[in-house]
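Below is one structure, written out as C-alpha cells; comments come after it.
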Amino acid sequence: MDATAALRARPEQDRRVLGIRLSPLTRRRLANFHANRRGFWSLWIFLVLFVVTLFAEFIANDKPVLVYYDGAFYMPIFEAYPETTFGGEFGTEADYRDPYVVERIAEKGWMIHPLVPYNHRTVAWALPEPAPSPPDAAHWLGTDDQARDVTARLIYGFRISVLFGLVLTFFSTIIGVAAGAIQGYLGGWTDLLFQRFMEIWSGLPVLYLLIILASVVEPNFWWLLLIMLLFSWMSLVGVVRAEFLRARNFDYVRAAKALGVSEPVIMFRHLLPNAMVATLTFLPFILSGSITTLTALDFIGFGLPPGSASLGELLAQGKANLQAPWLALTGFFTIAVMLTLLVFVGEAVRDAFDPRKRVLA
C-alpha cells in the first residue's frame, strides 16, 4: 500500500471506537482531551476511586461477604440471618463479631470478611485507648470520637458525596439547559421577565432556608438534593441563553423556520448541540461545587442526618478534636485530592472543546 492509500485508509480506522463511527470533529476533541495528560489520568484515577467506593459494602463491613455453614452458603450483606441459623440461641440477627457466633460458625464452616471489618456505623468497643484513637493495625486511619473506624467512614463518605454531586449536577443541567434554551430562543418579554426572576431568586439566602427547613423536617439525601436543586440550576442558564441568543438568527435557523420545522425541533436539534459545547466544559466544575456544598453543610451541621458517613462531618470532628490530627488531615486530603482531580478533568474537557487547540503530530 502506497503512502496516499495509507492516508486515505487511516481516517476510516480512526473513526471506529468500540464499534462507533466518530466524526473528524469528535476525533479531534478526543485527541485534545487525551493530549492533556494531567486531565486524562485524573479522570481515570477519579473513576477508579468512585467505582471502588460503589462496592463499599464489600470492602468495609462488619458482616462477612460469604459464610459457609453446615453445607450451605450465606451472604449476610444481602440478607439478615438469625443467630439460630448458625447454631445460636436467639432469633435476632446474628452478630458476626460476637465470639460465640464466630465459634459456632467455625465448628461447621468458615467466613470471608471484607478488607475493612467495619462499616460506617460500627462502634469499636475494644480500643486500646479512649476514642478518638490513633491509627494502628486494626484501624488504619484511627477512629473518631464515637469509636467508629475512620477508613470505613471515609469510603462511605466519598461515595455519598460523589453520588450527591452527580445527581445534583445531572438534574441541574437538565433544568438549566431547558430554562436557558427557552429564555434565549424566545427572547423579548420572556427573556426580560425570566432575567428579573433569576435576579430575585438568586438573592434568596440559601443557608437560612436550610436552617428553617432543618428545624421543621429532618434533612436527608433527597431533601438536601431538592433544596439545592432549587438554586443550583441557575449556573448554566447564562451560558445556554447566550448561545441561543447568538444562534437563533443564523441562516440555517431561518431556513428551518421557512421549511416549517417546529420550534421545539429547531431548539433541541439544531441549536442545542452548539450550546452543549459550552455546557459540557462547565460540568466538572459544577460537580466539584456540588460536592463542596454538601461538605460545607455537613460541616456546620445542616447536612445529612446525624451518624451518616460524611466528609464534612469528619472535618467537623477534626475541628472539635484538635488532639486527634488524623481526623482533620484525613478529611482535608480526601477533599483536596477529589476536587483537584475534578478541576484537572475540567481543564482537559475545556481543551477538548476549544476550537483553537490542535494536537501536534
Side-chain angles (χ1 to χ4, degrees), residues 46 50 53-54 156-186 190-191 193-244 264 267-268 272 275-306 308-313 315 335 338-339 342-343 345-346 349:
F46 181 81
F50 177 55
T53 57
L54 287 178
Y156 284 87
F158 186 97
R159 180 178 67 175
I160 196 170
S161 296
V162 176
L163 286 176
F164 182 88
L166 288 174
V167 175
L168 182 59
T169 301
F170 175 77
F171 287 107
S172 298
T173 301
I174 293 177
I175 299 175
V177 168
I182 296 173
Q183 187 176 348
Y185 182 78
L186 298 180
T190 302
D191 184 25
L193 295 176
F194 215 112
Q195 283 293 99
R196 302 293 79 77
F197 167 76
M198 288 184 57
E199 292 173 0
I200 298 173
W201 192 249
S202 61
L204 295 178
V206 182
L207 180 59
Y208 289 158
L209 291 177
L210 288 172
I211 294 174
I212 294 172
L213 290 175
S215 63
V216 178
V217 296
E218 181 183 6
N220 55 36
F221 183 92
W222 298 109
W223 263 109
L224 288 175
L225 182 67
L226 177 61
I227 296 171
M228 297 308 303
L229 183 60
L230 293 176
F231 299 93
S232 62
W233 60 270
M234 292 183 289
S235 57
L236 287 175
V237 172
V239 177
V240 179
R241 170 180 173 269
E243 290 292 332
F244 272 74
M267 291 173 59
F268 296 101
L272 184 59
M276 289 304 296
V277 172
T279 300
L280 290 174
T281 60
F282 278 91
L283 293 185
F285 303 104
I286 296 175
L287 175 58
S288 62
S290 302
I291 294 174
T292 304
T293 300
L294 178 63
T295 302
L297 290 175
D298 288 331
F299 179 77
I300 61 178
F302 293 102
L304 297 173
S308 302
S310 166
L311 300 179
E313 191 262 350
L315 289 176
I335 296 172
M338 182 194 309
L339 298 183
L342 289 175
V343 169
V345 172
V349 173

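- Taken to the nearest 0.5 Å, the CZ atom of Phe299 stands 9.5 Å off from the CD1 atom of Ile335.
- Heavy atoms of other residues, nucleotides or ligands lying less than 6.0 angstrom from CZ of Phe282 number 12 at most.
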Step by step, work out the side-chain contact (heavy atoms from CB on, under 4.5 Å) result for Val240 and Gln183.
CA-CA 9 Å; Val240 179; Gln183 187 176 348; over 6 Å; no

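- Taken from OG in Ser308 to CG in Asn220, the straight-line distance is 9.0 Å, to the nearest 0.5 Å.
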Test Met198 against Val237 for side-chain contact (heavy atoms from CB on, under 4.5 Å), laying out the working first.
CA-CA 10 Å; Met198 288 184 57; Val237 172; 3.5 Å; yes

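- The aromatic rings of Phe197 and Trp233 sit parallel, their planes meeting at an angle under 30°, below the 60° perpendicular limit.
- Within 6.0 Å of CZ on Phe171 lie no more than 12 heavy atoms contributed by other residues, nucleotides or ligands.
- Side chain of Asp298 to backbone of Leu304: a donor-acceptor contact under 3.5 angstrom is found.
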Give the intermediate values and the outcome of side-chain contact (heavy atoms from CB on, under 4.5 Å) for residues Met234 and Ile175.
CA-CA 8 Å; Met234 292 183 289; Ile175 299 175; over 6 Å; no

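- Put simply, CG on Leu287 and CE on Met338 are 9.0 Å apart, with the number rounded to the nearest 0.5 Å.
- Rounding to the nearest 0.5 angstrom, the gap separating the CZ atom in Phe302 from the CG atom in Leu297 is 9.5 Å.
- A donor-acceptor pair is defined here as one N or O able to donate and one able to accept, closer than 3.5 Å; such a pair exists between the side chain of Thr295 and the backbone of Ile291.
- When atom types are taken as modelled, the side chain of Ser161 and the backbone of Gly157 share a donor-acceptor pair closer than 3.5 angstrom.
- Between Phe164 and Phe221, the ring-plane angle classifies as perpendicular under the 30° and 60° cut-offs.
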